[in-house]
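For reference, the structure discussed in these notes is given below.
Values below: every heavy atom of this structure, side chains too, minus hydrogens, waters and symmetry copies.
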Amino acid sequence: MLMPKRVKYRKTHSQPRVKGNATRGTEIVFGDYALKALEPKWVTARQIEAVRVAIGRQLKKGGKLWVRVFPDKAVTKHPAETRMGKGKGAPDHWVVVVKPGRILFEIQGIARDAAQDVLYNASYKLPIRTKFVAREAV
């Protein structure tokens, strides 16, 4: 599971509204084909891992995968059947704040139609709408 080795503060502010479009991470840098987010949402480390495994199974040894997002925001939670109050709960899981336009995953080393199938199937593991994008030939 992806998570930071260490953080400056264990518990972050939650800030549930994700406003605006992504300003960084919007271009394909490493691979030839990518999966781009179309909606704002928190994506958990488990969801990222599920997509990574799904893509890896279909790529086998034929291609290369880059994960362009990293969950660095801790989400806290009180234990089950605990009364309200008594401060903020303990860190429960990690998320990444994804905004529209952000490149999530990149692949290379396979044909375009195969890449489209791989990323289309992987997008079912994510809680957001995504789009297949290809690098422009220069």
Side-chain angles (χ1 to χ4, degrees):
M1 207 68 58
L2 287 173
M3 63 187 288
K5 285 193 179 88
R6 52 193 292 271
V7 289
K8 191 166 184 180
Y9 299 107
R10 269 177 9 107
K11 301 175 181 179
T12 59
H13 293 169
S14 58
Q15 299 165 350
R17 282 185 303 167
V18 185
K19 298 172 78 175
N21 294 326
T23 54
R24 288 177 281 197
T26 58
E27 305 282 321
I28 298 178
V29 179
F30 302 105
D32 297 326
Y33 311 105
L35 204 58
K36 181 183 260 196
L38 297 177
E39 294 177 328
K41 190 90 169 192
W42 286 359
V43 178
T44 67
R46 285 176 182 263
Q47 291 162 345
I48 294 169
E49 181 66 11
V51 173
R52 190 190 67 77
V53 168
I55 292 174
R57 282 202 176 135
Q58 288 189 299
L59 281 182
K60 297 192 170 60
K61 293 182 192 278
K64 183 157 174 49
L65 167 70
W66 288 270
V67 179
R68 293 281 307 275
V69 289
F70 186 81
D72 57 354
K73 184 183 191 68
V75 176
T76 60
K77 203 171 186 182
H78 276 290
E81 299 179 14
T82 305
R83 293 187 179 189
M84 292 289 101
K86 305 276 191 290
K88 191 168 180 164
D92 182 54
H93 60 277
W94 295 86
V95 298
V96 59
V97 178
V98 172
K99 294 183 175 184
R102 179 69 192 239
I103 298 290
L104 303 172
F105 300 92
E106 292 185 27
I107 59 174
Q108 118 179 23
I110 57 174
R112 182 190 173 97
D113 56 339
Q116 212 159 357
D117 288 342
V118 168
L119 292 176
Y120 180 74
N121 291 335
S123 69
Y124 280 110
K125 305 286 184 188
L126 291 169
I128 55 176
R129 288 186 307 118
T130 56
K131 175 179 160 185
F132 173 82
V133 289
R135 185 193 293 263
E136 293 89 20
V138 179

Qualifying residues under side-chain contact (heavy atoms from CB on, under 4.5 Å), relative to Ser123, sequence neighbours excluded:
Leu35, Thr130
Could I get the full list of side-chain contact (heavy atoms from CB on, under 4.5 Å) partners for Lys11, not counting sequence neighbours?
Thr76, Lys88, Pro91
I need the minimum non-hydrogen distance between Leu104 and Ala37, along with the two atoms involved.
CD1-CB, 4.2 Å
The salt bridge (charged side-chain N to carboxylate O under 4.0 Å, His left out) partners of Arg129 (sequence neighbours excluded) come to Glu39
Side chains of Lys99 and Val18: closer than 4.5 Å at any heavy-atom pair?
yes
Residues that Asp72 engages under side-chain contact (heavy atoms from CB on, under 4.5 Å), provided they are two or more places apart
Pro4, Phe70
For a quick test of reading the model, state the closest non-hydrogen atom pair linking Ala45 to Pro71 and the distance between them.
CB-CG, 3.8 Å
Side chain to side chain, Trp42 and Val97, heavy atoms closer than 4.5 Å:
yes
Nearest heavy-atom pair of Thr12 and Ala74: which atoms, and what distance?
OG1-O, 3.2 Å
Verify side-chain contact (heavy atoms from CB on, under 4.5 Å) between Val75 and Asp92, making sure each step is shown before the conclusion.
CA-CA 6 Å; Val75 176; Asp92 182 54; 5.5 Å; no
Answer with yes or no whether the hydrophobic clustering places Leu126 together with Leu65; edges join I, L, V, M, F, W, Y residues whose side-chain heavy atoms lie under 4.5 Å apart.
yes
With rounding to the nearest 0.5 Å, note down the distance linking NE2 in His78 to CE in Met84.
6.0 Å
Just wondering, do Leu38 and Ile128 contact through their side chains at under 4.5 Å, heavy atoms?
no
Taking atom NZ as the centre, does Lys73 end up with more than 12 heavy-atom neighbours from other residues, nucleotides or ligands that are less than 6.0 angstrom away?
yes
Inter-residue atom distance Lys36.NZ - Leu119.CG, 0.5 Å rounding:
13.5 Å
Answer with yes or no whether the hydrophobic clustering places Val98 together with Val133; edges join I, L, V, M, F, W, Y residues whose side-chain heavy atoms lie under 4.5 Å apart.
no
Not counting sequence neighbours, which residues clear side-chain hydrogen bond (donor to acceptor under 3.5 Å, both in side chains) with Glu49? List them please.
Arg52
Any Ile55 side-chain heavy atom under 4.5 Å of Val118 side chain
yes
Any residue meeting side-chain hydrogen bond (donor to acceptor under 3.5 Å, both in side chains) with Glu106, in chain and number order, not counting sequence neighbours
Arg68
Report the residues that fulfil side-chain hydrogen bond (donor to acceptor under 3.5 Å, both in side chains) with Tyr124, sequence neighbours left out, ordered by chain and then residue number.
Tyr120
Residues in side-chain hydrogen bond (donor to acceptor under 3.5 Å, both in side chains) with Arg46, at least two apart?
none
State, with a plain yes or no, whether a side-chain heavy atom of Asp32 is found less than 4.5 Å away from one of Arg135.
yes
4.5 Å side-chain heavy-atom contact, Leu2 and Trp94
no
Cluster check Val67, Ile107: I/L/V/M/F/W/Y, side chain < 4.5 angstrom
yes
In terms of heavy-atom contacts, Phe30 and Gln108 come closest through O-OE1, 3.2 Å
With hydrophobic residues grouped by side-chain heavy-atom distances under 4.5 Å, do Ile110 and Phe105 end up in a single group?
yes
Please give me the minimum heavy-atom distance between Val69 and Ile103, naming the atom from each residue.
CG1-O, 4.1 Å
On a heavy-atom basis, the closest approach of Ala115 and Tyr33 is CB-CD1, 3.5 Å
Listed by chain and number, what are the salt bridge (charged side-chain N to carboxylate O under 4.0 Å, His left out) partners of Arg112, not counting sequence neighbours?
none
Residue list, side-chain contact (heavy atoms from CB on, under 4.5 Å) with Ala50, at least two apart or on another chain:
Lys125
Please collect all side-chain hydrogen bond (donor to acceptor under 3.5 Å, both in side chains) contacts where either partner lies in residues 55-64, sequence neighbours excluded, each pair once.
none
Sequence neighbours excluded - side-chain hydrogen bond (donor to acceptor under 3.5 Å, both in side chains) pairs with any residue from residues 19-31:
none
